[in-house]
2 protein chains.
Amino acid sequence: MPLTLEDIAKVAGVSRSTVSRVINGDENVNAATRAKVDEVLKRLNFQPNIAARSLAAGRTGIVGLVIPAGVNTIFTDPYFPQLIQAVTTTCNANDYSVMLWLAEPTYERRTIRQILHGGLLDGVIVSSMLVDDPIVQALYDSHKPFVLIGRHPTLDVNYVDVDNVYGARQATQHLLQLGRRRVGTITGPRNMIAGIDRYQGYREALRCFNQSCSDELVVEGDFSEKSGYRGMQQLLLHRPDAVFVATDTMAMGAMRALRERNLRVPDDIAVVGYDDGPAATQLEPPLTTIRQFTTKLGVAAMENLMEIIRNPGSGSRHQVLQPELVIRVSCGSPIS
Amino acid sequence: MPLTLEDIAKVAGVSRSTVSRVINGDENVNAATRAKVDEVLKRLNFQPNIAARSLAAGRTGIVGLVIPAGVNTIFTDPYFPQLIQAVTTTCNANDYSVMLWLAEPTYERRTIRQILHGGLLDGVIVSSMLVDDPIVQALYDSHKPFVLIGRHPTLDVNYVDVDNVYGARQATQHLLQLGRRRVGTITGPRNMIAGIDRYQGYREALRCFNQSCSDELVVEGDFSEKSGYRGMQQLLLHRPDAVFVATDTMAMGAMRALRERNLRVPDDIAVVGYDDGPAATQLEPPLTTIRQFTTKLGVAAMENLMEIIRNPGSGSRHQVLQPELVIRVSCGSPIS
DNA sequence: ATGATTGTTGGGAGCGCTCCCAATAAAGCA
DNA sequence: TGCTTTATTGGGAGCGCTCCCAACAATCAT
């Protein structure tokens, strides 16, 4: 049978309240008393009952991390592991526990209700992917503290994000500066913010160089390796001399397609990826890509969330990180 | 402010107790009353407070899924995603929620304590990898219901497992039956049960064919792609004509090494993997491997756990699934 | 020395739920 | 008809914790 505060109190010769104070770091405890209680606490390996605390105090020390994507996506793309890692680590460092929801985009209503109204979570981090994810709206309507990873197109919510438009612009400009003139792109899905923003950055870069954006050089992918492969095949019909691929994973597929056609990278065609995941360095040749500090993103999200939990009702918080171009081999040197 | 039982009761014109009965499916409620309460419940979108239920009833409807491996391993190996998927789905189908712990093998004590004594979990599933994982011992000492995925070498605990010895024997025998005579292996780590068992199966197969097991044809890997690559390079020094690789992921690495040396699969060297993950079909040539029904494993684990939760104190339960050989191209046809 | 202040502690109330028992109404039986 | 049985319902107790307030002792200023 698990111990209770009262048990500890009896052993330490103090009251329930005092033990509670010690556990929660209340200032108003005599140093000697605190030492004594601490000793008993440690000796009996006491762990307070989370449910009881939740009920009494209205907080649990648990935050939810909701990743609305199929398990396959989550574990294929190196982005999510890094994110999960970062959030988990930050949580633990701050005495929070994480509850991880890997949800298919079509939630059961029950799941959402549980997340929102079960009373178990102090706050929620959502790695929002879809433009119109129902859970975001639901969180917005509830008053539970939450932070989005990735900006939201319409709602004014707390979020942290990397500047996808900027990153994509950097990538595309890099290709243009090297003298490439038929720069294609394999985009992400158009119902995901990141997909839209990166495409936007691509177009802005073209405009900077007074290039028109011809539809034949734009293919929509879905972030998977296979869609990169297919996308590249399609693109090749229109003889691009460079491609901006909206994900390293898709870039892998794209390069597989090029290899099959015996096209050389970067000589025949230059490739830029996006993410700077582990694959980037393993590819042949190593991939020039956009580094987006996924870890920082996760940490920032959690820090914001904790701030919101501590201090609710303050205005909505936005934090945008700048990604940076990592130059490797896949774009080669300037073409004269 | 979230609703309470009392709120619902007031609206429905009944008592708190009756509402509770309806929610928990108690038989002793008049049909008309139940309908009325159900209607209110649905209309107001009521969700009982988990903490309060936990405190009063001693159950939460939450189970923990503990995966004691680095995040990198977890997301590299296709085994875990499938497992997580299976457990999560089964949970949801049975009105349980999952709390996922991705823990580095060296747990903080705090984490373990929380898992065990926080009182939040009705039960725990541990995907035990390491032979002497501290959390298994801790769970064993506590009296919390738990199920291991993967047998335990010494403790008599509830587990579900696939027969790794059998699977590895099948794989190796397949190579031997095709006439290969210098069959090497890249094993898993020796501190993981699965690694040990598969190596054991390999040796048993050799013994069946009256082959001695020469140390030079055995290399230890760590389940990673890279270790497969390295292992193969090492193995090649001793001219094997076939390899049993204890993981598809490692097999990928092994085949990369072979490609680099311009060795043909299966002509020059035959390869069998283990897992039948998505990579198996994508490899060139498609990989003959052992299918181990990871999904079934996850489902079985959860079903056992629920049974144990419902019915504690029954003897320990063991369930072992048989894996099967999936023949593709990487072993070729019999050698005359 | 007296009243006010500060530091420290103990105990009551109550969070929202489940479980149990008692109360009531309805039905069955002699 | 009177009494037992059954079906249905309501309310008290209590799960383990936090929060609040009151109690007390020790210290301070006057």
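Chain letters run A, B, ... following the sequence lines, proteins first and then strands; every chain starts at 1. Since this is a predicted model, take the numbers as computed values, not measurements.
Proximity of a side-chain donor or acceptor of Asn49(A) to a complementary backbone N or O of Gly119(B) within less than 3.5 Å is not detected. Looking at Thr60(A), its side chain does come within 3.5 Å of a backbone N or O of Leu120(A) through a donor-acceptor pair.
Dashed line: the shortest gap from a side-chain N or O of Asn28(A) to OP1 or OP2 of dT9(C) is not under 4.0 Å. OP1 or OP2 of dT18(C) sits under 4.0 Å from a side-chain N or O of Ser20(B). At least one side-chain nitrogen or oxygen of Thr33(B) sits closer than 4.0 Å to the OP1 or OP2 atom of dT9(D). Within the structure, every side-chain polar atom (N or O) of Asn30(A) is placed at least 4.0 Å from both OP1 and OP2 of dG7(C). Distances shorter than 4.0 Å separate some side-chain N or O of Ser15(A) from OP1 or OP2 on dG10(C).
Between Asp122(A) and Gly61(A), the shortest heavy-atom contact is OD2-N, 2.7 Å. Between Asp38(A) and Val22(A) the shortest heavy-atom distance is OD1-CG1, 3.6 Å.
As rounded to whole Å, 19 Å separates atom P of dA13(D) from atom CG of Leu5(B). The distance from atom CD1 of Ile8(A) to atom C1' of dG16(D) is 13 Å, rounded to the nearest whole Å. If you take CG of Leu55(A) and P of dC15(D), they are 13 Å apart, rounded to a whole angstrom. Whole-Å rounding puts the Arg16(B) CZ to dG16(C) P distance at 12 Å. Between Lys10(A) atom NZ and dG11(C) atom P there is a gap of 12 Å when expressed in whole angstrom units.
Each of Ala57(B) and Glu27(B) was assigned the nucleotide of DNA chain D with the nearest heavy atom; the assignment lying further toward the 5' end belongs to Glu27(B). Heavy-atom nearest nucleotides on DNA chain C were determined for Val29(A) and for Arg59(B), and the one closer to the 5' end corresponds to Val29(A).
Counting any heavy atom pair closer than 4.0 Å across all strands shown, Ser54(B) reaches no nucleic acid atom. Within 4.0 Å (heavy atoms only), Thr18(B) reaches sugar-phosphate atoms of the nucleic acid but no base atom.
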